[in-house]
Amino acid sequence: MTLRLFNTLTGQVEPLTPSEGGVLRMYACGPTVYDYGHIGNFRTFLEVDVLRRFLRLTGVPVRHVMNITDVDDKIIRNAAAAGMAIGAYTAKYEQAFFEDLDALKVERPEVLPHATEHIGKMVELVQKLEAAGAAYKTEDGSWYFRLSAFPSYGKLSKKDLSGMEDGARVDVDEYEKDSARDFAVWKSAKPGEMAWDTAIGRGRPGWHLECSAMSMEYLGESFDLHAGGEDLMFPHHENEIAQSETATHKPFARHWMHVRFLLVEGKKMSKSEGNFFTLRDLLLKGYKASAIRLALISVPYRHQLNFTFDGLTEATSAINRLRTFHERLKNTAWPKSAMRGSVGADEEISQIIATAKSDFFNALSNDLNTAEARAAVFEMVRKINTIADSGRLFESDARAALAVLADFDAVFDVIRDDDRECTRRALDWAQASGRMDLIDEGVLAAAHLSDEAIETLVAERTQAKRQRNFARADEIRNQLASKGVVLEDSKDGVRWKRK
RNA sequence: GGCGCGGUACCCAAGUGGUAAGGGAGAGGUCUGCAAAACCUUUAUGCGCCGGUUCGAUCCCGGCCCGCGCCUCCA
């Protein structure tokens, strides 16, 4: 089963396979750690996570590199405003970033290089460019890439810059550049700014240069896939290509994946619109980490996703359905298959499960169609539930269905329930950092209700029911419901779960 | 203005040249002390609008309307 993925470079859906050594080498642009990540950031990381998980599921090992940009203009500005040293400032937000990735169950890339630890490689790259006549130094000590040195500039974003090479719009601060379109590869430092003393002068790397240097350092001069948010296509990725290919005379990344932006409640997310959310904001409002994960990956990565609170509620319900089904299959004592009498039912059930499995794999193979993959599994859930209700499900069927569910979860990862723990951590963070204002009251109340306290009330209710004291039983049920605990009476006793 | 994406039921959202997946919500039912869960039934003669190609178009082509993205470091 080979993944076919849209390649921005060619504009076509193409097979994505390792070019050598059997390991797929991929690079994804990581965060600039200057603030808490917002859900738009996480959509991109989540989609890349879906990609790497599916590759692994289909037997393709992955070497995934993601940079951490820990020096840039925003970092310098924000750290100064916060009165913190750059290193301490970025460490704080890098840690927060990884906490958020953990909550969303985004797998850790194999390599996580920091920009500040690869200055030497970046300087080397500038020197190579200079030797090739493609980089020049300006009076203030900054270095620029000469766009005219790379004729195929624009091949990724399909931009033809020939007509606008030296347009009227010249940035006053950058009057020294040979051409308005030339971009910085090395920035001279203003007094007091973070800087390195290097062979090309004192300064700090340009953002584009970081990604070129670190991707090639860990993946080689040519590698299989480069991914990022759609906004990075131009100019960031275009610049990476120009620098890298000029320096090496080899093709940079073969395949390019771009994740579309999301909208929030129908509008582009922005602080001024009031629709700007970090992961922590949502967790503290009572939305589950798993629901956020599912909502963000259910729409295929090349489509604009409209992120809404209704969508989050929908995802929560969908996950409950999956988890309930999973519990049912796992915990019911299904009759042994040897006892199966008729052969006809057997065939039908195998067919349902086999179809679900192949539909699931086909959907993801087809440019990561997560919506269709999800549908394949839900169809199986409904049909198997029906068969189970009619008493025709046997142990071997349950096992086979669970195996499909396991494949699904190897990519989607929403069945195992760590939601309470994630919310707990968000609450701890809010308390520690004085952001109590973000916490929803219901979330706090639910967090304070221990499993033991619930068990005690459930036991009392069972006792009341046995004595046919339904008034008391209902009172307890309502009390728990108000704190987000749902009870289900079944033949095998009472089940409870947190909503 | 240049380049690109999209408009599918109440909401979200797949999809195909031959007549509409899936999820959520709603309604009715089975089950239950009542609920919940699960299941069943039900909700687009219809896929932005107008033409064209075709035996046949939601899917192909053209035009129009609407929404969105990128076009100076925002994922």
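Each chain gets a letter, A, B and so on, in the order the sequences are listed, and its residues count up from 1.
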- Message: Working note: A/Arg472 + A/Glu460, criterion salt bridge (charged side-chain N to carboxylate O under 4.0 Å, His left out); need CA distance, chi angles, decisive distance, verdict.
- Response: CA-CA 9 Å; A/Arg472 175 60 187 151; A/Glu460 189 191 337; 2.5 Å; yes

- Query: Can a donor-acceptor pair be found between the side chains of A/Asn7 and A/Glu14 at a distance below 3.5 Å?
  - Reply: yes

- Heavy-atom donor-acceptor pair, A/Lys74 side-chain to B/C74 base, under 3.5 Å: no

- Message: What contact category does A/Arg260 fall into here, base, sugar-phosphate, or nothing, at under 4.0 angstrom with non-hydrogen atoms?
- Response: base

- Query: Can a side chain N or O of A/Ser390 be found less than 4.0 Å away from OP1 or OP2 on B/C39?
  - Reply: no

- Message: Does A/Arg461 reach a base, just sugar-phosphate, or nothing at all? Heavy atoms under 4.0 Å.
- Response: base

- Message: Could you tell me how far apart A/Asp389 (CG) and B/C40 (C1') are, to the nearest whole angstrom?
- Response: 10 Å

- Apply side-chain contact (heavy atoms from CB on, under 4.5 Å) to A/Arg461 and A/Asp489, showing your working. CA-CA 11 Å; A/Arg461 175 171 170 273; A/Asp489 294 333; 2.9 Å; yes

- Task: Check whether the ring centres of A/Phe277 and A/Phe309 lie less than 6.0 Å apart, and answer yes or no.
- Result: yes

- Message: Heavy atoms only, 4.0 Å cut-off, all strands: where does A/Asp489 land among base, sugar-phosphate and nothing?
- Response: base

- Item | Test salt bridge (charged side-chain N to carboxylate O under 4.0 Å, His left out) applied to A/Glu314 and A/Arg374, step by step | CA-CA 14 Å; A/Glu314 184 266 321; A/Arg374 215 185 100 150; 3.0 Å; yes

- Item | Distance test, side-chain N/O of A/Arg181 to OP1/OP2 of B/U72, below 4.0 Å | yes

- Message: Can you measure A/Glu372 atom CD to B/A21 atom P for me and round it to whole angstrom units?
- Response: 12 Å

- Separation of the P atoms in B/G15 and B/U8, to the nearest angstrom: 14 Å

- Re B/C47: Watson-Crick or G-U wobble partner, both distances kept under 3.5 Å, found to be none

- Just how far, in rounded Å, is C1' of B/C68 from NE2 of A/His303? 14 Å

- Query: How close or far is atom P of B/U72 from atom CH2 of A/Trp207, stated in whole angstroms?
  - Reply: 13 Å

- Note on the structure: Considering only heavy side-chain atoms of A/Asp231, the closest of B/G23, B/C74, B/C34 is B/C74

- Nearest of B/C73, B/A75, B/G24 to any side-chain atom of A/Ser317? B/G24

- Task: Mind checking A/Leu232 for me? I need base, sugar-phosphate or nothing, with any heavy atom below 4.0 Å counting as a touch.
- Result: sugar-phosphate

- Taking CD from A/Glu379 and C1' from B/A13, how many angstroms apart are they, rounded to a whole number? 15 Å

- For nucleotides B/C49 and B/U58, find the distance between their C1' atoms and express it as a whole number of Å. 14 Å

- Just how far is it from atom OG of A/Ser142 to atom CH2 of A/Trp186, taken to the nearest 0.5 Å? 10.0 Å

- Message: Between A/Asp389 and A/Arg328, is the salt bridge (charged side-chain N to carboxylate O under 4.0 Å, His left out) condition met? List the steps.
- Response: CA-CA 11 Å; A/Asp389 279 358; A/Arg328 180 181 196 186; 2.7 Å; yes

- Query: Expressed as a whole number of Å, how far does the P atom of B/C5 sit from that of B/C55?
  - Reply: 30 Å

- Task: Side chain of A/Lys158 only, please: which of B/U72, B/G23, B/C3 is the nearest?
- Result: B/C3

- Task: Assign A/Pro300 to base, sugar-phosphate, or nothing according to its heavy-atom contacts below 4.0 angstrom with the strands shown.
- Result: sugar-phosphate

- Query: What integer number of Å spans the C1' atoms of B/U43 and B/G22?
  - Reply: 15 Å

- Can you tell me if the side-chain N/O atoms of A/Asn369 get under 4.0 Å from OP1 or OP2 in B/G15? yes

- Spacing of the P atoms in B/A35 and B/C60 (rounded, Å): 49 Å

- Classify the nucleic acid contact of A/Lys497 as base, sugar-phosphate or nothing, counting any heavy atom under 4.0 Å across all strands shown. nothing

- Which value, in whole Å, describes the distance between the P atoms of nucleotides B/G6 and B/U16? 12 Å

- So, do A/Met216 and A/Leu125 sit near enough that their side-chain heavy atoms are less than 4.5 Å apart? yes

- Determine the Euclidean distance between corresponding C1' atoms of B/A20 and B/G52; express it in Å to zero decimal places. 24 Å

- Determine: side-chain N/O of A/Lys268 to OP1/OP2 of B/C70, distance under 4.0 Å, yes or no. yes

- In whole Å, what is the span from the CZ atom of A/Arg382 to the P atom of B/A38? 13 Å

- Of all the nucleotides listed (B/C68, B/A35, B/G23), which has the minimum atom distance to the side chain of A/Arg477? B/A35

- Task: Tell me what A/Phe470 touches on the nucleic acid: a base, only sugar-phosphate, or nothing, going by heavy atoms under 4.0 Å.
- Result: base

- Taking the same atom, C1', in B/G18 and in B/A57, what whole-Å distance lies between them? 9 Å

- Query: Is the shortest side-chain N/O distance from A/Arg321 to OP1 or OP2 of B/G23 below 4.0 Å?
  - Reply: yes

- Pairing partner of B/G26 (Watson-Crick or G-U wobble, both distances under 3.5 Å): B/U42

- Query: Contact class for A/Arg43 (heavy atom, under 4.0 Å): base, sugar-phosphate, or nothing?
  - Reply: nothing

- Message: Using whole Å, what does the distance between atom P of nucleotide B/U16 and atom CG of A/Asn362 come to?
- Response: 13 Å

- Is there a Watson-Crick or G-U wobble partner for B/A20 with both distances under 3.5 Å, and if so, which one is it? none

- Query: Roughly, in whole Å, what's the span from CG in A/Asp182 to C1' in B/U72?
  - Reply: 13 Å

